[in-house]
Amino acid sequence: MKMDYTIREFEKRDFPTCAIIYQEGLDTGIATFETKVPDYQQWNTKYLEQCRFVILSKDEVLGWIALTPFSNRKVYSGVAEVSLYISKTARGNGLGTALLKTCILQSEKEGFWTLQAKIFLQNKGSLHLFETCGFRKVGVREKLGMRNGTWYDNILLERRTQTA
C-alpha cells in the first residue's frame, strides 16, 4: 500500500511521539541495545542537530531519523551513525526508505562522507532497507553487546558518499 507522506525537520514538539516510536523499536528486542527511552534532554544531546527528520502522514508522525557523531575528534567530523525508527503501524510502506534517502542527501550537503549503521543480525527488515539505500556490509561484530542477558551480534554497514 502506498502512503501519502511528508518529510520535514524534527521539531522539539515531535519528541513525545518519536519517544513512543522509539519504545516500539525497543519492544522488538532487536532494534538497539538500549532498554529505556531517554528523556528529551538526553536524546537532544546524543543526536546531532543537523539531519534530524520526521515523516508524517495526515499530520501524524510515523517515523524519525537522526545522526550520532562517530567521534568527537575533528578527523572524523564527516562520519556519523544513523538511527531510524518507524511506527509499528506504518512499517513496510516505504517510509524508512524515504527517510533514509532524505537523510543521505542532506548529510552530503552537510559534509558527511560516511554514514554507518549497526544493525542486529536478526533485524532482516532494517538490513534490507540499508542495503537497498547503498549501504554495504563491512563485517559482523560478534557478541558486541548484551541486552536483557543475551549477547547479540551486530552487522556493521557503511555508505560512502560519491559527492564529497
Side-chain angles (χ1 to χ4, degrees), residues 10 15 17-40 42-48 50-55 61-108 110 112-162 164:
F10 170 88
F15 183 74
T17 304
C18 290
I20 291 168
I21 294 168
Y22 188 57
Q23 182 64 57
E24 291 174 354
L26 293 176
D27 291 346
T28 68
I30 58 168
T32 178
F33 287 111
E34 300 294 337
T35 57
K36 291 175 57 178
V37 175
D39 63 27
Y40 177 74
Q42 293 166 323
W43 187 92
N44 191 49
T45 300
K46 177 179 178 178
Y47 293 104
L48 295 168
Q50 63 269 48
C51 301
R52 294 180 183 182
F53 296 100
V54 291
I55 192 162
V61 174
L62 297 175
W64 61 272
I65 193 166
L67 300 179
T68 307
F70 173 75
S71 171
N72 62 1
R73 294 178 57 199
K74 179 109 174 109
V75 68
Y76 297 118
S77 63
V79 182
E81 182 178 343
V82 179
S83 292
L84 186 155
Y85 290 86
I86 300 295
S87 169
K88 67 181 178 181
T89 62
R91 294 179 192 148
N93 289 299
L95 303 182
T97 301
L99 263 179
L100 186 52
K101 287 182 176 181
T102 297
C103 186
I104 289 168
L105 288 172
Q106 186 61 37
S107 72
E108 290 175 342
E110 296 283 346
F112 289 91
W113 60 82
T114 300
L115 296 179
Q116 69 174 22
K118 295 179 285 212
I119 300 175
F120 282 57
L121 180 64
Q122 297 83 351
N123 194 339
K124 303 296 185 199
S126 290
L127 287 169
H128 178 73
L129 165 64
F130 278 78
E131 288 178 314
T132 299
C133 290
F135 284 71
R136 68 178 182 91
K137 289 180 184 173
V138 176
V140 177
R141 300 175 83 189
E142 295 178 6
K143 296 182 180 176
L144 181 63
M146 186 180 282
R147 187 175 196 280
N148 296 328
T150 302
W151 287 100
Y152 286 93
D153 295 348
N154 260 197
I155 306 297
L156 177 61
L157 299 105
E158 71 175 18
R159 183 187 184 284
R160 298 282 174 101
T161 182
Q162 301 300 311

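As the structure is a computational prediction, the values presented were derived from the model and not from experiment.
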Exercise for review: Could you pull out all residues at least two apart from R141 that satisfy salt bridge (charged side-chain N to carboxylate O under 4.0 Å, His left out)?
Suggested key: none

Check your understanding: Quick check: does any side chain N or O of Q122 sit under 3.5 Å from a backbone N or O of I30, one acting as donor and the other as acceptor?
Key -> no

Review point. With no hydrogens and no angle check, is any side-chain donor or acceptor of D153 less than 3.5 Å from a backbone partner on L121?
Key: no

Exercise for review: Give a yes or no answer on whether the side chain of E108 reaches the backbone of L105 with a donor-acceptor pair at less than 3.5 Å.
Suggested key: no

Exercise for review: Output yes when R136 and E131 qualify as a salt bridge under the 4.0 Å nitrogen-oxygen rule, no when they do not.
Suggested key: no

Point to revise | Check: R147 side chain, T35 main-chain N or O, donor-acceptor pair, under 3.5 Å | key: no

Practice item. Indicate the ring-plane relationship of F10 and W43, choosing parallel, tilted or perpendicular according to the 30° and 60° boundaries. Key: tilted

Review point. Does the ring centre of F120 sit less than 6.0 Å away from the ring centre of F33?
Key: yes

Review point. In chain order, what residues pass the salt bridge (charged side-chain N to carboxylate O under 4.0 Å, His left out) check against E81, with sequence neighbours excluded?
Key: K118

Review point. Under 4.5 Å between any side-chain heavy atoms of N93 and L62, yes or no?
Key: no

**Study point:** K88, NZ atom: more than 12 neighbouring heavy atoms under 6.0 Å
**Key:** no

Practice item. Look at the side chain of R52 and the backbone N and O of Y47, then say whether any donor-acceptor pair between them is shorter than 3.5 Å. Key: yes

